[in-house]
Number of protein chains: 2
Amino acid sequence: MGTFKIGQLAAAAGVGRDTIRYYERNGLLPAPDRTAAGYRLYGDVDLDRLNFIRSAQELGFTLEQARQLLTLTVSDTATAAAVLEITLAKIKEAEGRLERLSHIRDILRDLAQDCPGEAPASECPILVYLAAKRRPYQDKAMKKEPPGER
Amino acid sequence: MGTFKIGQLAAAAGVGRDTIRYYERNGLLPAPDRTAAGYRLYGDVDLDRLNFIRSAQELGFTLEQARQLLTLTVSDTATAAAVLEITLAKIKEAEGRLERLSHIRDILRDLAQDCPGEAPASECPILVYLAAKRRPYQDKAMKKEPPGER
DNA sequence: CTTGACCCTGGACCGTGGTCCAACCTGCAA
DNA sequence: TTGCAGGTTGGACCACGGTCCAGGGTCAAG
């Protein structure tokens, strides 16, 4: 407990020194006190914050979302509803990804099943599938959100 | 049929001109013939290649993998086994992601369920979860592969 | 002849989450 | 005193898959 320099905090949290400075630059950690020589000084709260961030990342939150969640934890006017909103959005996002991804897995699995090990690649149903005609592209003038599973 | 300039190919494939030049630089499309003025000239095979790439991307393949798959389709010595290998790896990858992601969704769903809409944020189980102590970090000296769902 | 649409090149820039580097300063031990 | 581990800064660089831009050339229509 007490105060650490950046290397100690980094070691305790399992991140790099640069990561801590990066978080500071991006508003995930407050600018810490400094020694006379300019060394950053941290306390247990900072370790807690780093751990919070890591937990949030493991749940798929971006750093920006982690920042928002941290703001809510220290706010004394925020209600749980704000946290719930972020979380519900994350759940929807996860479900969308799950659906797309399991669809992809199903297609790949079916194709792989029919693939004869020997035999020239040209007969492989996977390549046949990929080479199959697509409906010709029509504009829709939509931008954003490229293909892939996300 | 016949030959297009880059803008026509781009429109037909539903990608940007820059994307086509980017693919060329990265070996996904062969360097095309040029007019006397230096304009790129494409044919139907190029459209097929672009469509192949888009299909591959939709199945979650990276451009590098798409490039490998394209190489296999034109190779006359390659066997289906090589394609299968890439595909099986992709399936395993998809399954890993699915597992991690559905685990995340489950946790978020449980937390969201217990979250009281009104009430100060500090009582929200989501924030409580994120603020919970982690087992202190011990080195393991492993690098690579940060947290998150991937 | 000019206009506009299209094409060329090389290079910068985007988001995300860092990582690495040079050049310098500090604090402690031998 | 010197060495070395640690700290400081600003800025460059990584993957990935593009996107955009400036400064020029080309080509057909009016």
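Below, chains carry the letters A, B, ... as their sequence lines are ordered, and counting in each starts from 1. Computation of the quantities below employed the complete heavy-atom set of this structure, encompassing side-chain atoms and omitting hydrogens, waters and symmetry-equivalent molecules.
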Q) Okay, side chain of A/Lys5, backbone of A/Tyr39: is any donor-acceptor separation there less than 3.5 Å? A)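 No.
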Q.
Using modelled atom types and a 3.5 Å cut-off, is there a donor and acceptor pairing between side-chain atoms of B/Gln65 and backbone atoms of B/Thr62?
A. yes
Nearest whole angstrom, please: distance from the [atom2] of [N] to the [atom1] of [X].
{"X": "A/Phe4", "N": "D/dA5", "atom1": "CZ", "atom2": "P", "result": "23 Å"}
{"X": "A/Tyr22", "N": "D/dT9", "atom1": "OH", "atom2": "P", "result": "17 Å"}
{"X": "A/Tyr23", "N": "C/dG17", "atom1": "OH", "atom2": "P", "result": "8 Å"}
{"X": "A/Ile6", "N": "C/dT19", "atom1": "CD1", "atom2": "P", "result": "13 Å"}

Report, one pair per line, the protein and nucleotides 24-29 of chain C atoms (nitrogen or oxygen only) whose separation is under 3.5 Å.
from, atom 1, to, atom 2, distance (Å)
C/dT26, O4', A/Tyr39, OH, 2.8

Q: Note the angle between the end axes of the helix from C/dC1-D/dG30 to C/dA30-D/dT1, five pairs defining each, rounded to 10 degrees.
A: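 Comparing the first five pairs with the last five, the axes sit 40° apart.
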So which protein nitrogen or oxygen atoms get under 3.5 Å of nucleotides 13-15 of chain D's nitrogens or oxygens?
none

Q) Between A/Phe4 and A/Asp46, is any pair of side-chain heavy atoms under 4.5 Å apart? A)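 They are not in side-chain contact.
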Q. Among residues 57-66 of chain B, which contact DNA chain D at a heavy-atom distance under 4.0 Å?
A.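 Output list: B/Gln57, B/Thr62, B/Leu63.
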**Q.** Phosphate-side-chain proximity, B/Arg17 and C/dC7, N/O vs OP1/OP2 below 4.0 Å
**A.** yes
Q) Reckon A/Thr19 has a side-chain N or O less than 4.0 Å from the OP1 or OP2 of C/dG17? A)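 A/Thr19 to C/dG17 OP1/OP2: no side-chain N or O under 4.0 Å.
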Q: Hey, could you give me each pair passing side-chain hydrogen bond (donor to acceptor under 3.5 Å, both in side chains) that has a residue in residues 102-120 of chain A? Not counting sequence neighbours.
A: A/Arg109-B/Glu95
Below 3.5 Å between N/O atoms, which protein atoms pair up with nucleotides 9-12 of chain C? Just atom names and distances, please.
from, atom 1, to, atom 2, distance (Å)
C/dT9, OP1, B/Arg34, NH1, 3.3
C/dT9, OP1, B/Arg34, NH2, 3.0
C/dT9, OP2, B/Arg40, NH1, 2.9
C/dT9, OP2, B/Arg40, NH2, 2.6

Q. Is it true that B/Glu58 and A/Arg100 make a salt bridge, defined as a side-chain N closer than 4.0 Å to a carboxylate O?
A.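 No, B/Glu58 and A/Arg100 are not salt-bridged.
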